[in-house]
Amino acid sequence: MLLLNALTFVIPIAALLVGLAVGYFITATLLKNAVIKEQTALLEEAKEKAEVIKKERILQAKEKFLQMKDENEKECNERKREAQNVENRANQLQQQANKKMEEVNRKAKEVQSAQQKLDAQLDGFNKKKADLDRIYKEESEKLETISGLSAKEAKEQLIELVKEDAQAEAMVYVKEITEDAKMSAAQTAKKIVLETIQRTASETAIENTVSVFNIENDEIKGRIIGREGRNIRTLESLTGVEIIIDDSPDAILISGFDPIRREIARLSLQKLVVDGRIHPARIEEVVHKVEKQVDQEIIEIGKRTSIDLGIHNLHPELIKMVGRMKYRTSYGQNLLQHSIETAKLCATMAAELGINPKAAKRAGLLHDIGKVADNEEELPHAILGMKVAERLKEKPDICNAIGAHHEEIEMDNLISPIVQVCDAISGARPGARREVVEAYIQRLNKLEEMAMSYPGVVKTYAIQAGRELRVIVGADKVTDQDADRIAYDLSKKIQTEMTYPGQIKITVIRETRAVQYAK
């Protein structure tokens, strides 16, 4: 009974499973057939599209080929035409060259014919010259016999006579030209120079090689010196100056040729004394701060100077060099004040002459920058300043004015002589410059010795602080023409052999005195 019940339950389940398997198999078969049909259709469609695309690409390639063929044919035709034109021009040039060659050959034949004629004429001239030489020799021998002098001796006497006459006439000619130039130019030149000087206000600053630092009491001297002199040695090594502490009451001397270093040392001492802490580490710190402060002050001075003068677009390095001029001197004259004064004089004189005053002012300010250049090249300061200006892209006329203001190169514009004249005016102004007494006396003695070296000079006097040299000559030994020659030669000799600020006037005095006594 149980077995029958189990079979009754299992048989339907088995039938169901068989039905499901048969159904799955039939369904899978149908789906596979459908997929195969769809793939076949897609493959056929893809083949048709590929065939269409292939035909289109072939057509496009044929069209492109035909287009390139047409372009190539056009280019070939164009090159053929150009080649034909070149060949035609070459033929024309060849024809012209042939014509010119024929003309040259014709002219060469004419020249050859003319040369033959000249040779024939030259032969005739040579024959005539030989006859003339023979006649000249005969006449010279007759003259030598009559005069008792040889031709060489007579020639030497004639040359000496002509030379003396020529020198006398030349000095008269030079004197006439000089006086004529003075009459025509002196009035205008004096007017321009005087107006320029009167319109330019200037201040004179005299600097030494020693700066004085004042202190309240002598106790501070010991603190500045430090234990075993370490403080003062540190300060001197950092600033590059010599600090002189002697018996001078309430004062310390700072000695050095570089005014910038002296100023750094002075300001450093001032800060150290106010602060009260004086030891090597503090000295080093203060000196570094003061160096930065002085560098900034130099830049500010350069900017302020350029703004005050209305000079714009200066290179930063040029601005710094202008600022450094404040700490430099020339013959005792402050270089910055001298440059400002020269710039104002140049602008005024250029305006009077109808020349660009701004360019003249710029050249006047920069004319001495070679004196404050960082590099130590062995060049004159004018040439060195010109090279610096050229490197910093200044205009050629400004560079030439800087380099030519001492006539070390040729002037090529009108600004250069203006800068030269205004530089001389500023330096020659009484009180602007000063000299060491020994050098001053040596210059006066040399002037008098140079004048005494000329024959006929009786006495010489250097007057007006060496700006005028008066030469007294003997009236019985020196003529008026000789006096002019002595003044001229002496002026050239002084210009060549001496260095001096401004100009020197040479006056040669020749007088005749008649003295009698009434008894």
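Index from 1, following the sequence. In this text, all values refer to a predicted model and were calculated from it rather than measured experimentally.
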For E45, is there an ion pair with K49 - N to carboxylate O distance below 4.0 angstrom? yes
Could E102 and K99 be called an ion pair, given the rule that one side-chain N must be under 4.0 Å from one carboxylate O? no
Kindly indicate whether the side chain of H338, heavy atoms from C-beta on, has any atom under 4.5 Å from the side chain of D423. yes
Whether the Q95 and N91 side chains hold a donor-acceptor pair (N or O, under 3.5 Å, no angle test) is what I'd like checked. no
Close side-chain approach of K271 to K289, heavy-atom, < 4.5 Å: no
May I ask you to test the I260-R328 pair for a side-chain heavy-atom distance under 4.5 Å? yes
Could you check whether any side-chain N or O of S306 sits under 3.5 Å from a backbone N or O of G302, counting only pairs where one atom can act as donor and the other as acceptor? yes
Show your working on salt bridge (Lys or Arg N to Asp or Glu O under 4.0 Å) between E497 and K446 and close with a plain yes or no. CA-CA 10 Å; E497 299 182 6; K446 187 173 181 181; 5.1 Å; no
Short side-chain to backbone donor-acceptor contact, K361 and I311, under 3.5 Å: no
Tell me, do K358 and H312 make a side-chain contact under 4.5 Å, heavy atoms counted? no
Tell me if a side-chain donor or acceptor on D368 pairs with a main-chain N or O of K371 at a distance below 3.5 Å. no
Pair R485 + D489: basic N to acidic O under 4.0 Å: yes
Heavy-atom check, side chain of K344 versus side chain of L309, under 4.5 Å: yes
Do any N or O atoms from the side chain of N413 and from the backbone of S416 form a donor-acceptor pair under 3.5 angstrom? yes
Using side-chain heavy atoms (C-beta onward) and a distance below 4.5 Å, is L469 in contact with I494? yes
Any chance you could lay out the side chain to side chain contact (heavy atoms under 4.5 Å, CB included) test for M325 and I301, step after step, and finish with the verdict? CA-CA 9 Å; M325 288 182 183; I301 291 170; over 6 Å; no
Side chains of R362 and L314 in contact at under 4.5 Å (non-hydrogen atoms): yes
Just wondering, do V52 and E48 contact through their side chains at under 4.5 Å, heavy atoms? no
Checking side-chain polar atoms at under 3.5 Å, does Q60 have a donor or acceptor matched by the opposite partner on E56? no
How about H406 and H367: are their ring centres within less than 6.0 Å of each other? no
Would you check if the side chain of H315 reaches a backbone N or O of E317 as a donor-acceptor pair within less than 3.5 Å? yes
Is there a donor-acceptor pair under 3.5 Å between the side chain of R324 and the backbone N or O of V372? yes
Short question: side chain of H288, backbone of E285 - any donor-acceptor pair under 3.5 Å? no
Does the salt bridge (Lys or Arg N to Asp or Glu O under 4.0 Å) test come out yes or no for E51 and K47, once each step is laid out? CA-CA 6 Å; E51 190 67 26; K47 288 181 178 180; over 6 Å; no
Under 3.5 Å, is there a donor-acceptor pair between the side chain of N400 and the main chain of P396? no
